[in-house]
Every structure is written in structure tokens, then in C-alpha cells.
Amino acid sequence: MNADAQGGVETHCPYCALQCGMTLVPRGDSFEVAARNFPTNKGGLCRKGWTAAALLRAPDRLTTPLLRRGPDQALSPASWEEAVDYVATSLRSIQRGYGPNAVGVYGGGGLTNEKAYALGKFARAVLRTKNIDYNGRFCMASAAVANQRVFGIDRGLPFPLSDIPGADVILLAGGNPAETMPPLMQYFEAQRAAGGKLIVADPRRTPTAESCQLHLQLTPGSDGALANGLLHIAIREKLIDEAFIAARTVGFAAVQKSVASYWPDRVERITGVPAASLIQAARLLGKAKNAMIISARGPEQQTRGVDNVIALTNLVLALGQVGKPSSGYGCLTGQGNGQGGREHGLKADQLPGYRKLSSTADRAHVAAVWGMDPDDLPPPGLPTMELFETLGQRGGVRGLWVMGANPVVSAPDAKSLEARMAKLDLLVVCDLFLSETAALADVVFPVTQWAEEEGTTTNLEGRVLYRRLALAPPLGVRSDLEVMHLVATALGREQYTSVEPRAVFDELGRASAGGKADYSGITYAKIQAEEGVFWPCDAAHPGGTPRLFAERFATPDGRARFFPVEYRGPAEQPDEQYPLYLTTGRIMGQYQSGAQTRRVEELNAAEPVAFVEVHPDTAAGLRIQDGALVHVETRRGRATCKARYSRAIRFDTLFMPFHYAGRGRANTLTTTAVDPVSKIPEFKISAARLLLANEDGRDATTLK
Ligand code: SF4
């Protein structure tokens, strides 16, 4: 369809961090999505993007606030006045009784920059609580920490996507864009067409791995050993760039020493990857004119997530493959605005512009923009899993405000989280639909969605994008900005809120000025004129910064850092009781907790329910047929779903998508063990067992 001829509205997809450009075209009472030739997706969309307009006319859209008027009562419609008054009164009462930090705030990586900024300010300036974090903690927190430590700045990809085709060799560690971001594959296809090679490290032979030249099918949790092993070979075979190491880095000697024991035979034993493949991969990377290493959730969502990423950056730095076109380390952000969310205040320790709550100068800058005394800004708060641990506990969080997230599906050990949420004095959820988390709330505020409001997001390249207002929201619905303003007004602190996205974005620019994620030179008009603007963008760099690190890194001395890392296994190793690895991830037709995509008919028709992928030989040993109803069990609990045979998975590994609620909820099973620094949970590895279930799914025949 030719969108221009149809008079559509140019916008971006509401889902993942590729933020594909699309056009919304009116069709009678509803809308259709049309392709748009935006520089990132070049007209491509995945099936989620093509069907995104269905969200705009979803029949179960919330259009009135809901209130639970008593502990045993169901949620029922309320006026905005009643709901806002109830929330303000409850917040006051909790904070009077237990202190300001007894109220927590939990945001989402899909919120626009304006809403993320406003929510961080709402928590710290209106509620005066230190306890705010967001579901980006579950996404790329490990890569964020590693990027900060190694390069001094955290931007998912420090280069534009258009650099990918020029790379001779790319190592993609734990990412499956062929299913999660299909339009991204055109860059890898262009790279291959130009003679480039793609190496994929993944325990599953995913559709992405199918398309690569070398698949390293490693044991779950062995990513750090794999990267150390590749560096060991590169050093041994004199493939490293000593001039680059000397001129632009510090700390290599300690890393060289630390990888000395990662000889190929040992790494083969740890990772299960043949030594010959390790040598082949190291030679491909080491001899490439331009090489890239890109990671995704595979190595990152582990208790060694930061170490795993640093092991990869050690490799790319030693090869001298950073700071020039078509080279470098990058991370594929998952959520639509996971990048912008943490840059502008959703993370427990960060202020807008990637400023730090622990810095006196940063606090003073932001407090001045907000018109408050820096001493009144709270200190850094608790990261998500620690915050969730305290819910409803003595001395913990007694009131929780959730905006743009559905943690009872997306958080690990979700059953325990549900139990803790039930102990809260107040749970407020702002959402489009009655999500599984909203269903537990005391108050639900119905809010606008992507095409019903304007705002900006920051994609996986660090490119700031503009989403237009395409249609009026349903009657009775308000924007998240309005909800915060209403509650702030009821609390007597409305001066810290604004209902106008443009005003919020202007203020965000001032708050970020001089910070690492500097947006002060970005305007809505510039974004539209230039098809996105890469941060940092200030008066000195009005055109933005598509490629970082050409001359210096963002560390105080301008040099990148090496850090030695030792391989240690995951928190849970398979044992006699739970003999398999369980790993979780995304599939093509669903997105995150499924709160949106499970409501889109075409998507649900393709993948309506959860499943567990199992190697047929493993299943045969358990007398489990393809399609049989099975229980997957870990130390946290049991999920029930259909078995799906796959020869693409290792014999010792199960895979479950995490988009589903109910008895197929993968996060009933996952561990709460976290990386000690990034605090990301180890979604990728739990020790599990598989049991045949009876037809009703209630009983199991224990087979080992
Ligand atoms: Fe939307 Fe991501 Fe699919 Fe693009 S790849 S259409 S942004 S879900």
C-alpha cells in the first residue's frame, strides 16, 4: 500500500527497540499499518508491527478507572476524582506511617522519554521516595554496567545499523534477531552479500544461527569461558592489535595473564564447543579488517552477565576493533525505549542525562532544573529484585505504583511476587488493559497508548525518534502525564509535573545538558527533519553523534578499560533432581509479557499458548511425544504446557517463551539469583526437569 497516497500518519512501532518506522492509515473506524521507508527498517516490519493497529481498537481497552473498595471486593468502575482521591489519601497514609520510601515506583521500558523522565521526577520530587526502578533491569542492565566500566558511556550500539554490512566478521552472542527483530536481518544479509561472515554463539540453533557461517552451540552459562577462550587463541596466534592496545586502552596485561589458562581443550570441556570451532572463530575475528561483537540477552541475563559482556569487550579491544567504521562492541536493546528509560531517570541510581544520584554535582544540576533543594532529592534506591523482596514486608515498600509494566508475568519467581503484592497496602497500576498485574491492583488508571499521544523514544542505536499523535484516545482515558499531574495536585506538589509532552521534552533537554546522555540540542522539529537524532547532541554537536569513540573513549583519560574476568558457572547447575537447563526468551509473534500482543488476534492465532522446546532424543528418554502435555518443574514451581520437539536445541536444554500467563508462565520457574553488580536476574539458566502430565494437566507421572 502506498501510505502517502492514503494520507496516513508517520510514526513508529509500539514494540521493540528497533522502533521501525511505519505509517498509520485511517480505514473507516480503524487504522491499518503501511510500510514506511525509514532509515532503520527500510520498509521492513515484522508481524507484530504489521498488526500493531489492532491495539487501537482492542475490545477490552480500559476506559474508566477501576477501584477495589475493600480487601475482598472485586475491582469496579470509579470516577477519576474518586480514584485519584483514594490513591492520594492512601499514599499520604503510607508515607505518614512508614516514611517516604515505603512507596515504590516501577516503570517500563516502553514508556516514552517524556513519560520516563516525568515518572522519575514524580517519584523523587513528588513522592520523595528513593525507591524507583524499571523493567529495563531485566533487559540490558549487564551490558549497561559493562559499557560504563569499559567505554565510560552506555549506548546500546555505539554505531549506526548502517555500519553492520561493512563488517567482515560479526560475532553475535546470544541474540536471535531473525525472530525477535526480523527487519534487522537485512543488515546481516547485506553483510553476507558483501562477503562478510556471521558467527553466532547460542545454545539453540535459532533461525539466526541457521543463517550464519559458524554456530558455536555453547552450554548455557558458559559465555565468559567462550570469550576468554577466543582471546587466548587470538593472543597465542598473534592476532591482537598491540599498537591499538598501547595507544587507546589500559589494563591489558592483567587480562592477558587471566586468559592464559583458557586453552582450547579446557574451553571445549566447559562450553561444549569443539576446539576446532573455537580456533576457526578466533581466526575469523582476528584476521578481519573490520570486526564487530554484538551481544543480546543470552550472555547478559546471567548472574555473571557483567563479566560475560566484559569478556566480550576484552576480546574486541584486544583485536583493535573499536572506534572505526563497521567495528566495535554493541548490545541489542530489547524494549522499545529501554535505552531512553534508563537515561532519563527510571533506574534506581540514575538521574536524567545519565547523571548519578550519588554525585553532588549531578544532584545540584537536576535539582536546579526541578526547582528544589538538592538535599531534598532522595539517595539511590533499591534495584528491582531487592525492591520486590521488600513488598509488603516490615520496613519495606507498602505502596507500589506500576506504570507500563506487567511484572507478575515478566519477573522471575513470579508466584512469590504475586504473594508479596497481595500484602501491599496499595497497588496502583496505569495500563491500557487489565493486565495480570492490573488485575491484582487496588486502583487501575486507564491510560493512552503510542498513537494516542506524542513523544519520543530512543532506539537501539541511540537515535532519538518522534512518535506523532495519530488519533484521539477513547473517552475516559488520560495520558500517564495527566495521571501523575492529577495525583501530584492532590498531594499539593503539582509544580513538579506537566501534562504537555513538548514541555517535558524541553525540560528533559535542560536536565540532561552536560550529562553523558545529552539531549539538549534535540528538538521535535530536528528529529522529524533528520529522521532521528543520535545522542549526545548539544550546541557543540548540533548534528548528534552517530558513531562514538572515533578519537577517545568516554573515560576520564579517554582510554578504554580491560578487566580480567574468570568463568564461574550459573547459580543453579543441573543435578540429579533437576537434570536439565531451562532457558527462556522471546518468539516472533509475541512481545514481552504479552499484555498487548496476546490481545492481537492474528498474533495469538499463530502462537496462542506457551510451549517447551525439547530435543526429541531427550523427550524420547522421558517417553514424551511431540505435542504431549508436560510439566516443567524447577525449585520455584511448576508450569504446564505442550512439548514441542526441536533438533535445534541441545540435549541438555529446554526452552520456554516468557510471554504467557497462567499455568504456562515461564517465570513461575525462573530463579531470583542476580548478577552482583547489574542486579539482572538469571533468566537464562534454571535447573529444571520435565515430566509427562495427564490430559487434564493436573497429575504428573514422574519419569527420570
Ligand atoms: Fe516492531 Fe520490532 Fe517488529 Fe520492528 S522489529 S515491527 S519495531 S516489533
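In each ligand, atom 1 is the first atom listed, and ligand 1 is the first ligand listed.
Within ligand 1, the atoms closer than 4.0 Å to a non-hydrogen atom of Q19 are 7 (S), numbered from 1 in the order shown.
With sequence neighbours excluded, the residues that form a side chain to side chain donor-acceptor pair (under 3.5 Å) with K679 are E386.
Judged by the 6.0 Å distance and 45° axis criteria, R665 is not positioned over the aromatic ring of Y660.
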Legend entry - side chain to side chain contact (heavy atoms under 4.5 Å, CB included) evaluation trace for W401 with V483: CA-CA 12 Å; W401 177 291; V483 176; 3.9 Å; yes

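With no hydrogens or angles considered, a side-chain donor-acceptor pair links T458 and N113 at under 3.5 Å. Judged by distance alone, the side chains of Q19 and R463 never bring a donor and an acceptor atom under 3.5 Å apart. Between E601 and N604, the side chains place no donor N or O within less than 3.5 Å of an acceptor N or O (distance only, hydrogens not considered).
Neither the backbone nor the side chain of H12 comes within contact range of ligand 1; no heavy atom lies under 4.0 Å.
The aromatic ring centroids of H344 and Y519 lie less than 6.0 Å from each other.
The number of protein N, O or S atoms lying under 2.8 Å from atom 3 (Fe) of ligand 1 is 1.
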